[in-house]
Amino acid sequence: MSAPLEASVIICTRDRPRLTRETVQSILDGDGVPSEILVVDQSDELDQQLAALPAPVRYLHPGGAGLSIARNIGVREAAHDVLVFADDDVRVSPGWLAAHLRALDAAGERAAVTGPVLPDEQDARPGAFAPSTVARGEPAVFAGRLRKDVFAGGNSTLRRSAIAEVGEFDPRLGAGAHFPAADDNDMGYRLLEAGYRIVFEPDAFLYHRVWRPKGHYVRLRWRYGRGKGGFYAKHLRLRDPHMLRRLGADIGHRLARLPRAHRARRQALGDLAYCAGIVVGTLDWLARERARGR
């Protein structure tokens, strides 16, 4: 057996014990095993099976709620300076971890790595969907100000020093927070603003489980929109229209494709819910900041 790879893989979860165990097992079955797999479980009940797993798995049950809060706990508790994030409902490819670490090492100190998130059709439920996927493409390096988000938090690697410089994940954003998405958009944006590069490595791919019922689609798009609106509002500046242009382009893109999507009723309703969520989330964030005197 080869020596463990010097990295801490952080998996944050809440009330998905079976999926989380299968995610952990896919990492343990990989070509390269990390020297630490840190599971941060915010479920109400402690998962005895996960807690009983031997090293390299470490199980934390801190309570509370919020993906960003859990990720920050993982960062603080991690034994290594290289931090790899995976969601709790994925299966990683055998070479996933090694590809992440090779790309990070090649990119240098001021870089982060992300990769494809592909739908896992292996045991997909009829009519179910995977909410966040990233197509597999060519290698790419992103820097500076972009018109899109390129950092997939559920498939990413960065160094502890990067988080020390740009700050932790924002607990106001992400699943379980008042603005229930865009925590990774916010982290990616702050990294780029600080001069970091984000490397897209096609070989660092994993599979997102297709398990969410189709009836949840529109509601989830609404939640994603609200989170995205909070993200846009957080970075809006009167003297800097960049984020305002991005907000407008995001809504405009969804609305422009509505006539072509009339046959795909679920997608059309999802786009409308997402756009409405952006507007509500933006206004809500600004109102809250105003109430706080900012």
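Residue indices begin at 1 and follow the sequence shown.
Using a cut-off of 4.0 Å between Lys/Arg side-chain N and Asp/Glu carboxylate O, R292 and E289 are scored as salt-bridged. Using a 4.0 Å cut-off between charged side-chain N and carboxylate O, R14 and D44 make a salt bridge. The pair R71-D184 fails the salt-bridge criterion, with no side-chain N (NZ, NE, NH1 or NH2) lying under 4.0 Å from an Asp/Glu carboxylate O. Under the 4.0 Å criterion applied to side-chain N and carboxylate O atoms, D186 and R190 are assigned as salt-bridge partners.
With rounding to the nearest 0.5 Å, the separation of CG in D170 from CG in N185 is 12.0 Å. Annotation: the span from T282 atom OG1 to L247 atom CG amounts to 4.5 Å, rounded to 0.5 Å.
Relative orientation of the Y189 and F231 rings is perpendicular, given thresholds of 30° and 60° on the angle between their planes.
Contact check for L244 versus L236: side-chain heavy atoms found under the 4.5 Å cut-off. The shortest distance between side-chain heavy atoms of L60 and L38 falls below 4.5 Å. Between D240 and R145 there is a side-chain heavy-atom pair separated by less than 4.5 Å. Residues M187 and D183 fail the side-chain proximity criterion, which asks for heavy atoms closer than 4.5 Å. Contact check for T23 versus L206: no side-chain heavy atoms found under the 4.5 Å cut-off.
Around CZ of R76, the count of heavy atoms belonging to other residues, nucleotides or ligands within 6.0 Å exceeds 12.
R221 forms a cation-pi arrangement with Y274, by the criterion of a distance under 6.0 Å to the ring centre and an angle within 45° of the ring axis.
For the residue pair R288 / H178, a side-chain donor-acceptor distance below 3.5 Å is found, with atom types taken as modelled.
The main-chain N or O of A204 is found under 3.5 Å from a side-chain atom of N155 such that the two form a donor-acceptor pair. With hydrogens and angles disregarded, a donor-acceptor distance shorter than 3.5 Å links the side chain of S93 to the backbone of F205.
Judged as a side chain to side chain donor-acceptor pair (under 3.5 Å), the pairs with a partner in residues 130-140 (not counting sequence neighbours) are, in order, S132-Y224, R136-D203. Residue pairs meeting the ring-ring contact (aromatic ring centres under 6.0 Å, His included) criterion with at least one member in residues 45-95, sequence neighbours excluded, are F85-F169.
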